[in-house]
There are 2 protein chains.
Amino acid sequence: MAAPEKKNGRERMLDRRKKIREAIRQAAIDEFAQKGLAGASTQSIAQRAGLTKPQLHYYISSKEELYEEVLVHINELWRDIFIASSGDSKDPAKVIRDYVRNKLEFGRRHPNASRVFSNEVAAGGHYLQKHWHSAREATRAAAEIIQSWVDKKLIKPVDPWLFQMHIWAVTQHYADYEAQIRFMLQLKDGEEIDMDHVVDEVSTLFLRACGLK
Amino acid sequence: MAAPEKKNGRERMLDRRKKIREAIRQAAIDEFAQKGLAGASTQSIAQRAGLTKPQLHYYISSKEELYEEVLVHINELWRDIFIASSGDSKDPAKVIRDYVRNKLEFGRRHPNASRVFSNEVAAGGHYLQKHWHSAREATRAAAEIIQSWVDKKLIKPVDPWLFQMHIWAVTQHYADYEAQIRFMLQLKDGEEIDMDHVVDEVSTLFLRACGLK
DNA sequence: AAGCAATCTGAGCAATCGGTCAAACTGTTT
DNA sequence: AAACAGTTTGACCGATTGCTCAGATTGCTT
């Protein structure tokens, strides 16, 4: 008899609660991604999560708070994919390539989360302000690394802050504006974007931009 | 007595109507930019335009139709700033630099219009589908020009479609995510983004990316 | 079987939503 | 001054918004 299988009532209850909260978060992400904070309805979120409206309100205290919780959750997911987190900072080309790939991959795996985040930032980021400092810290650390590359003449001179935001902009674009890309490339309904080609092209863009290719 | 000053009643009426419609469009752009289609309220649009709600509904037939009209209007504004429209297609560096500057300038002048457009594209662009063909045509024409540069070995090989979308992504980013940029660069409330520096940095990014710098 | 906390439910709250309508009010033309 | 199209108004429609609450129901512990 394995220990983790022996769950008493309390544990099962907490387990269930956790699953429901998870479902609510996912439902909220989908709804917020499509309608925005103002346009989202708790009714619709409840439906997506397979709950009734009063049931949903039993688990959350308000729409705004749910929105904030979702943003914090997405922000945490994000933290792992910053330039600074790419292991060996002595090989600029590898770091940039990895970062681009990771960010594109992330957007592909969490398109709605990506959209919620973008919309919030575009709207002014008021609900995020308390949590932005960690993002800025990561960006600052990466800026230092990039600057050190410039100083050592490993790469051509670039503005280390803007350089990062340009990578952010391009990679984010593939997550948030899939519709535009699909239309421009005239992809049929079943067809998928050739992500290997995209990773190639985007990597090349930024590698050339700092003289590495 | 100059002719255009001699306006009869009918002309004055049409004039007035035009101004009100213009005010409504601007109000709608601001509201849609902040709340999205679902979140925008006709009440609020009316208020922004200095009208009462029934008064607004006298001029528009529905919220959705107003939204569509706004999108078409923005789409028309946009048409002028496509790569293909930059005069001399024989000097790639000049064309790219001009395009980047124009697009950044446009975003700076019409930030809310820019945001409405972006949000709509991110949401799937369903309300735009009838009008996208013109954008795709312009992009296709530009893609041909870029490809011809590659063929003549004026620039390093790039995917002409993705290359354009990358420029779109970066320039759009400055219009739509001003909050992020302001926070990252730690700008105080009064401070303005140094757009000359941005134009420089973005131009350099794409010029280097095709071996022109 | 009784007790208990956690959960679920239907009914309903005030407020707002998009939109309508008849009646009053404009300013201009006869 | 009468007639007129164009415009504005307040009252109002049914539907939906975020959210609450008392009471019924559930599943676990004693």
Side-chain angles (χ1 to χ4, degrees), chain A residues 4-25 27-71 116 126-127, chain B residues 4-25 27-71 116 126-127:
Chain A
E5 284 184 27
K6 196 179 127 200
K7 287 185 180 175
N8 61 25
R10 175 139 201 96
E11 278 179 68
R12 255 212 299 281
M13 188 196 78
L14 291 175
D15 234 50
R16 194 182 121 78
R17 188 145 67 187
K18 212 172 173 182
K19 271 195 184 170
I20 291 184
R21 282 190 199 279
E22 172 74 33
I24 290 175
R25 206 168 43 212
I29 288 177
D30 294 345
E31 173 80 359
F32 286 135
Q34 283 185 21
K35 310 268 191 70
L37 168 59
S41 84
T42 54
Q43 175 82 265
S44 177
I45 293 173
Q47 219 156 24
R48 286 175 195 263
L51 305 172
T52 63
K53 194 167 57 152
Q55 209 176 346
L56 173 69
H57 276 95
Y58 176 75
Y59 287 96
I60 69 168
S61 56
S62 77
K63 186 172 79 162
E64 289 209 354
E65 208 173 279
L66 174 58
Y67 183 65
E68 234 183 294
E69 190 208 305
V70 161
L71 283 177
V116 172
H126 304 297
Y127 287 88
Chain B
E5 283 185 31
K6 195 177 129 204
K7 290 187 179 176
N8 60 25
R10 176 141 200 93
E11 278 179 71
R12 254 211 300 281
M13 188 196 78
L14 291 174
D15 234 50
R16 193 182 122 77
R17 188 145 66 186
K18 212 172 173 181
K19 270 195 185 170
I20 290 184
R21 281 189 198 278
E22 172 75 32
I24 290 175
R25 206 167 44 211
I29 287 176
D30 293 345
E31 173 79 0
F32 285 134
Q34 283 186 23
K35 311 270 191 71
L37 169 58
S41 84
T42 54
Q43 176 82 265
S44 177
I45 293 172
Q47 218 156 25
R48 286 175 194 262
L51 305 172
T52 63
K53 191 168 61 152
Q55 208 176 345
L56 172 70
H57 277 95
Y58 176 76
Y59 288 96
I60 69 168
S61 56
S62 77
K63 187 173 78 161
E64 289 210 354
E65 207 173 279
L66 174 58
Y67 182 64
E68 233 182 295
E69 190 208 303
V70 162
L71 284 178
V116 172
H126 304 297
Y127 287 87

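Residue numbering restarts at 1 for every chain, and letters A, B, ... go by the order of the sequence lines.
Each of A:V70, A:I45, A:I24 was checked for a side chain to side chain contact (heavy atoms under 4.5 Å, CB included) with A:I29, and the lone residue meeting it is A:V70. The only option from B:K18, B:R17, B:R25, B:K19 that meets the side chain to side chain contact (heavy atoms under 4.5 Å, CB included) definition with B:R21 turns out to be B:R17.
Here the closest heavy-atom approach between residue B:A33 and residue B:V116 is recorded as N-CG2, 3.5 Å.
Residues A:I60 and A:E65 form no side-chain contact, since every pair of their non-hydrogen atoms from C-beta on lies 4.5 Å or further apart. In this structure, the side chains of A:L51 and A:Y58 stay at 4.5 Å or more apart for every pair of heavy atoms. With a 4.5 Å cut-off on side-chain heavy atoms, B:R16 and B:I20 count as touching.
Closest contact between the side chain of A:I20 and the listed nucleotides C:dC8, D:dG18, D:dT7 involves C:dC8.
Heavy-atom distances under 4.0 Å link DNA chain C to B:K53, B:P54, B:H57, B:S62, B:K63 of residues 51-66 of chain B, given in residue order.
With rounding to whole Å, A:Q43 atom CD is found 18 Å from C:dC13 atom P. Following rounding to the nearest Å, A:Y67 (OH) and D:dC19 (P) show an atom-to-atom distance of 15 Å. Taking atom CD1 of B:I45 as the reference point, atom P of C:dT16 lies 17 Å away to the nearest angstrom.
In this structure, A:A40 reaches the sugar-phosphate backbone alone: every heavy-atom distance under 4.0 Å involves primed, P, OP1 or OP2 atoms, never a base.
Within the 4.0 Å cut-off from OP1 or OP2 of C:dT7, at least one side-chain nitrogen or oxygen of A:R17 is found.
The end-to-end axis angle of the helix from C:dA1-D:dT30 to C:dT30-D:dA1, rounded to 10 degrees and based on five pairs per end, is 20°.
Residues meeting the salt bridge (Lys or Arg N to Asp or Glu O under 4.0 Å) test with B:K35, sequence neighbours left out: B:E31.
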